[in-house]
Amino acid sequence: MSETVLTKPKIGIVLSGGGARGIAHLGILKALEEFGVQPTIISGTSAGAIAGAFYAKGFSIKEILAIVKSGKFFNFSSILIKKQGVFSMKGFENIYKQYFPKNVFSDLKIPLYVTATDIMKGEVVHFSTGNLSMSLMASSCIPVVFQPIAYKGTYFVDGGVLDNFPIDPILNKCDKVIGIYVNSIKKEVEAIHMNDILDRSFHLALNNNLGPKIKKCALFIEPPDMSQYGIFDLKKIEEIFEYGYQYGRTLEKEVKALLGE
C-alpha cells in the first residue's frame, strides 16, 4: 500500500501600501518564515511593492531592514525639489539599480506583481515584466508629495489610490493567499489633529472597499491600531518592525493550519 505524499499549498502573499507602516510587512514576513511559509508569488502596492521586490530578489529580512534603516530611501537631499513644490522621484532610480543591477522582473527569484495607478486613464495597472525600478517608483509615487512618474506613454501615481490591496493578479496563480494589511485604524478617537485628517480620511476610504478582498484570503493579517504610526514615521522603523513581528508570532496556529500541518 503506497503512502500518500502531502504537498504544501502554493502560497501567494499580498502586501498593502502604507508608507512607513509598510515596515511592519517585514516583521510579519519574518514570523511567517519562522512558521515555514515560502511564498511562490507576491503582489504589492507602494511600500508593499518595495518590500515585496527586495524579498522576491532574495534579500533576507535582516538585510532589507538594514537597507531601510540606512536612510537611503528617505534621504531627500538626493532628490530634486521642483519649482511646483513637489519632489521628483528620479533620485530613487539609482538606489533601486544599486540593489537590482539587472533592473528587470525576470531577475527576481519569486514572481512579483507591482500595482500602480494610471492617473491619466484612471485605471489600475499591474506590472510583472519589464523595468523594475520604474514600476516601483510608479507604485510608490504619493500624490501631491511626488511628481507623477512618466512611463509607457502615460503618468502614474501611487497604486494605493485605486488598489491598496492587490489580490486579483495572483488569485489564479497560487493555491492560497495570505494577505497582509498595515493600515488598520482606531474606529473611535477622542481627538484628531489637523495634520492627521487627510491620512485618516484616506485610510477610511481604503478600508471601506476592503471587505470583498478579505474574503478571498485564506489568511488575512491586519495588525491592530496601525494608525498609531504615520506614513512618514521613519523615526520608528525598529518599533514598527517589532510590532509587526510580535503580532505575526501570535498567528502560529492559523498559519500551521493553512499549511496543512
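Counting begins at 1 with the first residue of the sequence. It should be emphasised that the depicted structure is a prediction, and the values quoted were computed from it without experimental measurement.
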### Task
Check step by step if side chain to side chain contact (heavy atoms under 4.5 Å, CB included) holds for Leu132 and Val104.
CA-CA 5 Å; Leu132 181 59; Val104 289; 5.8 Å; no
### Query
Does Arg21 use its side chain to pair, donor to acceptor, with the backbone of Tyr229 at less than 3.5 Å?
yes
## Note on the structure
The single option from Ile41, Ile170, Thr129, Thr40 that satisfies side-chain contact (heavy atoms from CB on, under 4.5 Å) with Pro111 is Ile41
### Query
Under 6.0 Å from the six-membered ring centre of Tyr245 and within 45° of its axis: does the NZ or CZ of Lys30 meet both?
yes
### Task
Check step by step if side-chain hydrogen bond (donor to acceptor under 3.5 Å, both in side chains) holds for Thr154 and Asp118.
CA-CA 7 Å; Thr154 187; Asp118 184 330; 2.9 Å; yes
### Query
Does Ser46 use its side chain to pair, donor to acceptor, with the backbone of Gly17 at less than 3.5 Å?
no
### Query
Would you say Glu63 has more than 12 foreign heavy atoms packed within less than 6.0 Å of its CD?
yes
### Task
Please answer whether the main-chain N or O of Pro9 pairs with a side-chain N or O of Asp175 as donor and acceptor at a distance below 3.5 Å.
no
### Task
Measure the shortest side-chain to side-chain distance between Phe220 and Lys215 over non-hydrogen atoms and say whether it is less than 4.5 angstrom.
no
### Task
Please check if the distance between the ring centroids of Phe156 and Phe127 is under 6.0 Å.
yes
### Query
Would you say the side-chain atoms of Ser140 pair up with the backbone N or O of Leu136, donor to acceptor, closer than 3.5 Å?
yes
### Residues, nucleotides or ligands: over 12 heavy atoms within 6.0 Å of Lys10 NZ
no
#### Entry: Main-chain N/O of Pro223 paired with Ser184 side-chain donor or acceptor, under 3.5 Å
yes
### Task
Measure the spacing between NZ of Lys109 and CD1 of Ile42 and express it to the nearest 0.5 Å.
12.5 Å
### Task
Report yes or no: does Lys213 contribute a side-chain atom to a donor-acceptor pair with the main-chain N or O of Phe165 at less than 3.5 Å?
yes
### Query
Taking Asp107 for the side chain and Lys102 for the main chain, is one N or O donor matched with an acceptor at less than 3.5 Å?
no
